[in-house]
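Before any comments, here is the structure.
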Amino acid sequence: MTVHDSPRARTVEFAYQHLGEPFPDPYKWLENKQDAEVIAYLEAENAYAAAALAHTAPLQETLYQEMVGRIKEDDDTVPERRGAYWYYTRTEAGQQYRIFCRRRDANGAPGGAEEILLDENQLAEGHTYCRVASFEPSPDESLIAYSVDTTGAWVYTVTIIDAATRQTVAGGFDQADAPLAWANDSKTLFFTLYDAAHRPFQLMRFTIGTDAAPTLIYHETDDAFFLNVRRARSGGYLFLASANFSTSEMRCLPADDARGTWRVIEPRTPWVEYYAEHQGDTFWISTNENAENFKLMAAPAADPAKANWREVIPHRADTLIESCQAFRDTLVLVERRDGLQQIRLSAPDAVTNVRYIAFPESVYMFRLDANPLYDQPALRLMYASPITPQSTVEVDLASGAWDVKKRQEIPSGYDASQYECVRLFATSHDGAWVPMSVVYKKGIAHDGTNPALLYGYGSYGYSMDAGFNTRRFSLLDRGFVFAIGHIRGGSEMGRAWYEQGRLMHKKNTFLDFIACAETLIAQGFTAPGRLAIMGGSAGGLLVTAAANLRPDLFRAVVALVPFTNVVSAMLQPELPLTIPEYEQWGNPNTPEAFAYMRSYSPYDNIEAKAYPQFFIRAGLHDLQVPYWDPAKFAARLRATKTDDHPVYLLTNMGSGHAGASGRYDVLREEAETYAFLIHVLA
């Protein structure tokens, strides 16, 4: 099969009428998943890609075996104590999914026989996708509540089981979001439900032995706001956040008063965010009101209204407060400065005995583990860098001592000294310095001959920190350079970095990414004919927009569930997530915002010119970026461009936004993607 055998989607005349002018969308018919012709088209695209890439099958198998060789198939996580038990998950060779387990505490360590609480492999039987997103023991540890998705749509079913017998106590609560929060009676569970637009909009309460069905507690009527419920680590309060991308409002409920009234901490104010944490008789409140990078306030838990807020840590222009986490004797702030996360520890008053955790490398990433106990001596985190395998680390909260509990094992062998990671800066179109993390095998030439993969995201304020990925070494060991562009739209350089990459500044994201590509080329890491770019979701918007702007810079584009139909999506408020997304891309009912979105929307700016090769993934059950978004982009691109470079559209017919869920299935997908890159570039 050749590129000329590729499927050709028919066009159907259609145009939106918006702001007094027509807006054509000839592939809109692909949005009807119930149409047999649409499914046939997606299957034809899959068949074409499979045939066209069949010659890479031996390489795919080689890559897959390499990737499997780098994972410890029989493995378990470091147990984490919650009360009378230590909880962990483990995997077994040949099985796709996790097994959730616990052991009784024996003098401060796991002891006794293993208790299997939940087997994700059993939940996955009969499904092509399975993911347990939340696993929450009740405070007395007699019950387990969990949320599971078996379609890939990120829509969950909530179930409560008896921890001793594993028998279902209650549940089958469908159309739920993942987060779960127990009250202190160990009988009452709070969770949220989705509306038709995939927005968590209702808070539900269910009490075992009392309720026949969940009771509606709160209904968020503003279509732009999402709900999120959680239990404070202290066990003293439950919190309900109602938020969009620029405004938040929080409610609290004493965890001892399960059937009490949720109290608003402070009514919402447009473009003001605040988030609360509980410690003793204090609510710690981080807010961006007159503080772009957030400041920390203290308020009495008995009356936390704004009139009682007291500033403790003022706004700092060079430091972003990302989160506040309270323990009985320590206050922990996760901050970001100069593009890197850091951890600030202090006494409970936030101002005495201040110290920072020292990290061993200049480029790294971490995430705090659950740390479920309020009174615990150490802070657990997961640490990694592009060349350091993921490590479970416990940092003594008193001394700051660093204790590596477990380091990710690479059974096939790994020598970190063979690789190098550096930080570079690219100068963007307006003079902004854009950081990049670049990793490669030592000894490469800087003569432009190396194949390279540039990755980016740049949206929602999400920072793309540089971590460890065992799969990536299948590229590095073949001479690839891998780079992450920490572009505007993320928060790597503070909140201003995010604000400069959304709404009427969105093009900075794409131009920063292009500057990163140009810097890699200028410094001899690669050349246009040897450079590929990759991004997923909003990162797919990034790479497809960059390809429209500078197709000459890239040999290949890997777009994973890419958001490319910015304008047509924003013109359909009934779609999942559209209305909240107005604060990311703009409200199309505003002429200036509509014109700006039209000027960069990838689907709407495809031109009759030469493009790189494209490898595009979609998920049939994706609600974040519907399957039709990448399908329409691929169809228009293939019909419009002037070159004969292939466009591959691969739709996973049994999953959604995250692709495959089984760990071996994930490796199969990655091997297929990497084989494409190696074939095109190496």
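It should be emphasised that the depicted structure is a prediction, and the values quoted were computed from it without experimental measurement.
- Side-chain contact between F633 and P562 is absent, with no heavy atoms from C-beta onward closer than 4.5 Å.
- Residues in residues 572-598 take part in these salt bridge (charged side-chain N to carboxylate O under 4.0 Å, His left out) pairs, two or more places apart or across chains: E21-R598.
- With H315 contributing its side chain and N293 its backbone, the two residues share a donor-acceptor pair below 3.5 Å.
- With a 4.5 Å cut-off on side-chain heavy atoms, D465 and R367 do not count as touching.
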**Evaluation steps, side-chain contact (heavy atoms from CB on, under 4.5 Å), between T221 and H219** = CA-CA 6 Å; T221 58; H219 183 166; 4.2 Å; yes
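- Contacts of R131 classified as salt bridge (charged side-chain N to carboxylate O under 4.0 Å, His left out), with partners at least two apart in sequence or in another chain: none.
- Side-chain contact between N371 and V332 is absent, with no heavy atoms from C-beta onward closer than 4.5 Å.
- V312 has its side chain within reach of V351: a pair of non-hydrogen atoms, C-beta onward, lies under 4.5 Å apart.
- Judged by distance alone, with hydrogens and angles left aside, the side-chain atoms of S134 form a donor-acceptor pair with the main-chain N or O of A178 at under 3.5 Å.
- In this structure, T247 contributes its side chain and W271 its backbone to a donor-acceptor pair below 3.5 Å.
- A 4.5 Å side-chain heavy-atom check between M204 and F173 finds every atom pair outside the cut-off.
- The backbone N or O of E273 lies less than 3.5 Å from a partner atom in the side chain of N288, making a donor-acceptor pair.
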**Request:** Apply the test salt bridge (Lys or Arg N to Asp or Glu O under 4.0 Å) to residues R488 and D430: give CA-CA distance (whole Å), side-chain angles for both, the deciding distance (0.1 Å), then the verdict.
**Result:** CA-CA 12 Å; R488 280 176 285 187; D430 57 357; 2.9 Å; yes
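- With sequence neighbours left out, F190 forms a ring-ring contact (aromatic ring centres under 6.0 Å, His included) with W262.
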**Message:** Checking L575 against L577 for the side-chain contact (heavy atoms from CB on, under 4.5 Å) test, could you report, in this order, the C-alpha distance in whole Å, the side-chain angles of both residues, the deciding distance, and whether it holds?
**Reply:** CA-CA 6 Å; L575 289 177; L577 308 182; over 6 Å; no
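- Ring planes of F366 and F359: parallel class, angle under 30° (limits at 30 and 60°).
- Side-chain contact between Y383 and M365: absent, with no pair of heavy atoms (C-beta onward) separated by less than 4.5 Å.
- Among residues two or more places apart in sequence or in another chain, the salt bridge (charged side-chain N to carboxylate O under 4.0 Å, His left out) test is passed with D329 by none.
- Side-chain atoms of S138 do not come within 3.5 Å of backbone N or O of S186 as any donor-acceptor pair.
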**Criterion salt bridge (Lys or Arg N to Asp or Glu O under 4.0 Å) on R82 and E80, from CA distance to verdict** = CA-CA 7 Å; R82 288 181 176 264; E80 189 164 50; 5.3 Å; no
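- Distance check: E31 CD to N565 CG gives 7.0 Å after rounding to the nearest 0.5 Å.
- Between Y16 and F23, the ring-plane angle classifies as tilted under the 30° and 60° cut-offs.
- Side-chain contact check for N548 and N605: no donor-acceptor pair (N or O, by modelled atom type) lies under 3.5 Å.
- Side-chain contact annotation: S459 with K506, donor-acceptor N/O pair under 3.5 Å present.
- The shortest side-chain heavy-atom distance between V363 and S385 does not fall under the 4.5 Å cut-off.
- By the side chain to side chain contact (heavy atoms under 4.5 Å, CB included) test, E311 is found to be paired with K295, M297, P314, residues two or more places apart in sequence or in another chain being considered.
- At a threshold of 4.0 Å, the pair R259-D185 does not count as salt-bridged, since none of the basic side-chain nitrogens sits closer than that to a carboxylate oxygen.
- For T544 (side chain) and G540 (main-chain N/O), a donor-acceptor pair under 3.5 Å exists by modelled atom type.
- With respect to E289 and K306, a salt bridge is recorded, a charged nitrogen being found less than 4.0 Å from a carboxylate O.
- Considering only residues two or more places apart in sequence or on other chains, F563 meets the ring-ring contact (aromatic ring centres under 6.0 Å, His included) condition with W585.
- Qualifying salt bridge (charged side-chain N to carboxylate O under 4.0 Å, His left out) partners for D375, counting only residues two or more places apart in sequence or in other chains: R328.
- Between L320 and W497, the closest side-chain pair of non-hydrogen atoms is not below 4.5 Å.
- Atom CG of D174 sits about 14.0 Å away from atom OH of Y156, to the nearest 0.5 Å.
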**Request:** Start with the C-alpha distance between R316 and I321, add both sets of side-chain angles, then the distance that settles side-chain contact (heavy atoms from CB on, under 4.5 Å), and finish with yes or no.
**Result:** CA-CA 9 Å; R316 292 161 291 171; I321 297 177; 3.5 Å; yes
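- Taking CG of D604 as the reference point, atom OG of S568 lies at 6.0 Å (rounded to 0.5 Å).
- In this structure, H18 contributes its side chain and P588 its backbone to a donor-acceptor pair below 3.5 Å.
- Between the side chain of N508 and the backbone N or O of G501 there is no donor-acceptor pair closer than 3.5 Å.
- The ring-ring contact (aromatic ring centres under 6.0 Å, His included) search around Y194 returns H198, not counting sequence neighbours.
- G536 and Y457 get closest at one heavy-atom pair: O-CE1, 3.5 Å.
- Side chain of N184 to backbone of G235: a donor-acceptor contact under 3.5 angstrom is found.
- Between the side chains of S463 and H486, no donor-acceptor pair is found at a separation under 3.5 Å.
- Every side chain to side chain contact (heavy atoms under 4.5 Å, CB included) that D222 has, sequence neighbours left out, goes to E220, A224, F225, R268.
- Judged as a salt bridge (charged side-chain N to carboxylate O under 4.0 Å, His left out), and not counting sequence neighbours, the contacts of E277 are R230, R233.
- Listed by chain and residue number, A145, V158, I160, L180, W182, F191 satisfy the side chain to side chain contact (heavy atoms under 4.5 Å, CB included) test with L189 (two or more places apart in sequence, or in another chain).
- Applying the ring-ring contact (aromatic ring centres under 6.0 Å, His included) criterion to F510, with sequence neighbours excluded, gives Y600.
- Of the N and O atoms on the side chains of Y603 and D25, at least one donor lies less than 3.5 Å from an acceptor on the other residue.
- With rounding to the nearest 0.5 Å, the separation of CE in M493 from CG in L340 is 9.0 Å.
- We find the CG-OG1 distance between D629 and T564 to be 3.5 Å, quoted to the nearest 0.5 Å.
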**Item:** side-chain contact (heavy atoms from CB on, under 4.5 Å) evaluation trace for Q341 with E322
**Value:** CA-CA 9 Å; Q341 283 185 306; E322 291 193 334; 2.7 Å; yes
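- Aromatic ring centres of H278 and Y237: separated by under 6.0 Å.
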